[in-house]
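One structure is given here, and the rest of the page talks about it.
Proteins come first, then strands; the chains are lettered A, B, ... in the order of their sequence lines, and each starts at number 1. Atom set for the values below is all heavy atoms of this structure, side chains included, hydrogens, waters and symmetry mates excluded.
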Amino acid sequence: GNSVTQMEGPVTLSEEAFLTINCTYTATGYPSLFWYVQYPGEGLQLLLKATKADDKGSNKGFEATYRKETTSFHLEKGSVQVSDSAVYFCALRRGSYDKVIFGPGTSLSVIP
Amino acid sequence: DAGVIQSPRHEVTEMGQEVTLRCKPISGHDYLFWYRQTMMRGLELLIYFNNNVPIDDSGMPEDRFSAKMPNASFSTLKIQPSEPRDSAVYFCASSLDGETAEAFFGQGTRLTVV
């Protein structure tokens with residue numbers, strides 16, 4: 001079946017450090033891929049998405065590239081801020097009837 | 001649009017009581033999802049609907065859990081009887097049709113069963 005695997009963390013970084021959160025997926029065909037972010041006490045919200053191979057999603061300085069050959073969608077940011085502290089979820093959706101499948105989430109803490 | 005609206009935001013109940021969580025999806029969305037989030041198990045999909053019809057309820061943990069969607073603008077998740085292990089944050093999300101469509105989440109209901 002379809003599934004998502006991501007590094008579980010927690011990840012602790014200093015402000016302005018480079019961030020990478022790894023995400024790999026298993027799916028038939030070519031799913032759409034998403035990164036969601038959850039700030040404390042809130043629901044998940046979409047951060048970025050990519051819908052086909054080699055697409056790059058970007059938002060708020062975050063980027064992720066859909067790599068079909070490695071079935072990966074790693075999240076990156078060049079310089080993190082304290083306000084980026086949150087839990088990040090990688091997700092996929094495959095097919096019109098298919099549910100949105102989430103990875104386990106990666107907690108990020110950015111310290112000044 | 002106001003987004004996905006869940007009520008109540010917080011619920012504290014005693015073991016054995018019935019609990020009903022409510023969700024109003026974004027107007028025009030075809031899909032509605034119910035998720036449960038705990039520290040131990042992360043984010044779990046409980047059930048989802050397409051055009052008010054349940055598509056997959058394999059994530060519903062037990063017969064104590066039931067969900068309905070009587071119309072396109074309202075859904076409920078009911079737990080009867082509730083148990084302390086049901087304590088979690090329950091999220092409702094909705095989306096348009098199509099695999100490129102993202103899910104929009106509500107703020108969640110934090111349920112505590114004592």
Side-chain angles (χ1 to χ4, degrees), chain A residues 1-10 21 23 25 27-53 55 57-59 62 64 66 73 86-107, chain B residues 1-7 9-10 21 23-26 29-60 67 88-110:
Chain A
N2 299 335
S3 65
V4 176
T5 304
Q6 61 179 109
M7 55 190 286
E8 292 200 19
I21 301 177
C23 170
Y25 67 91
T28 56
Y30 307 104
S32 292
L33 301 174
F34 307 85
W35 276 101
Y36 285 78
V37 59
Q38 183 181 30
Y39 299 105
E42 298 185 10
L44 282 71
Q45 55 185 278
L46 180 70
L47 180 60
L48 54 84
K49 70 178 184 181
T51 59
K52 60 183 187 294
D55 266 3
S58 61
N59 186 25
F62 291 89
Y66 190 139
F73 193 55
V87 180
Y88 293 81
F89 293 87
C90 186
L92 69 81
R93 190 171 191 183
R94 172 75 185 106
S96 184
Y97 254 3
D98 274 5
K99 52 201 168 190
V100 181
I101 297 171
F102 287 88
T106 301
S107 176
Chain B
D1 200 311
V4 176
I5 299 173
Q6 293 185 245
S7 63
R9 289 294 310 276
H10 302 274
L21 311 182
C23 176
K24 176 178 167 51
I26 293 174
H29 280 191
D30 303 296
Y31 282 83
L32 184 138
F33 306 86
W34 282 101
Y35 290 90
R36 178 173 68 176
Q37 186 177 40
T38 61
M39 288 294 293
M40 290 297 294
R41 301 174 69 91
L43 192 65
E44 302 173 276
L45 177 65
L46 300 177
I47 185 172
Y48 73 106
F49 297 83
N50 176 236
N51 292 325
N52 313 337
V53 176
I55 300 301
D56 183 352
D57 65 354
S58 60
M60 296 286 261
V89 180
Y90 291 81
F91 287 104
C92 175
S94 69
S95 79
L96 292 169
D97 193 10
E99 67 179 26
T100 63
E102 66 263 33
F104 292 80
F105 280 74
Q107 294 279 47
T109 294
R110 180 173 295 277

Q | Structural part of B:Gln6 lying under 4.5 Å from a heavy atom of chain A | A | neither
**Q.** Closest approach of A:Phe89 to B:Leu43 (non-hydrogen atoms, all atoms of both residues)
**A.** CE2-CB, 4.3 Å
Q.
What part of B:Leu96 gets within 4.5 angstrom of chain A, counting heavy atoms only: side chain, backbone, both, or neither?
A. backbone
Q: Go through the steps to decide whether A:Tyr36 and B:Tyr35 satisfy the test ring pair (Phe, Tyr, Trp, His ring centres under 6.0 Å), and finish with yes or no.
A: CA-CA 14 Å; A:Tyr36 285 78; B:Tyr35 290 90; 9.3 Å; no
Q | Within the 6.0 Å centroid threshold, strictly below: A:Phe102 and B:Phe105 | A | yes
Q. Of all residues at least two apart in sequence or in a different chain, which pass the side chain to side chain donor-acceptor pair (under 3.5 Å) check with B:Asp56?
A. A:Lys99, B:Ser58
Q.
Using every non-hydrogen atom in the two residues, find where A:Glu42 and B:Phe91 come nearest and quote the distance to one decimal.
A. O-CZ, 3.8 Å
Q: Let me know if B:Ala93 has heavy atoms under 4.5 Å from chain A in its side chain, its backbone, both or neither.
A: neither
Q: Flag yes if more than 12 heavy atoms outside B:Arg9 fall under 6.0 Å of its CZ atom; otherwise flag no.
A: yes
Q | salt_bridge(A:Arg93, B:Glu99) N-O dist < 4.0 Å | A | no
Q: Tell me, for A:Leu46 versus chain B, whether the close heavy atoms (under 4.5 Å) come from the side chain, the backbone, both or neither.
A: side chain
(Q) So which atom in A:Lys49 and which in B:Thr100 form the shortest heavy-atom distance, rounded to 0.1 Å? (A) NZ-O, 2.7 Å
(Q) Quick check on A:Tyr30 against chain B: is it the side chain, the backbone, both or neither that has a heavy atom closer than 4.5 Å? (A) backbone
Q | Between OG1 on residue A:Thr51 and CD on residue B:Glu102, distance to nearest 0.5 Å | A | 11.0 Å
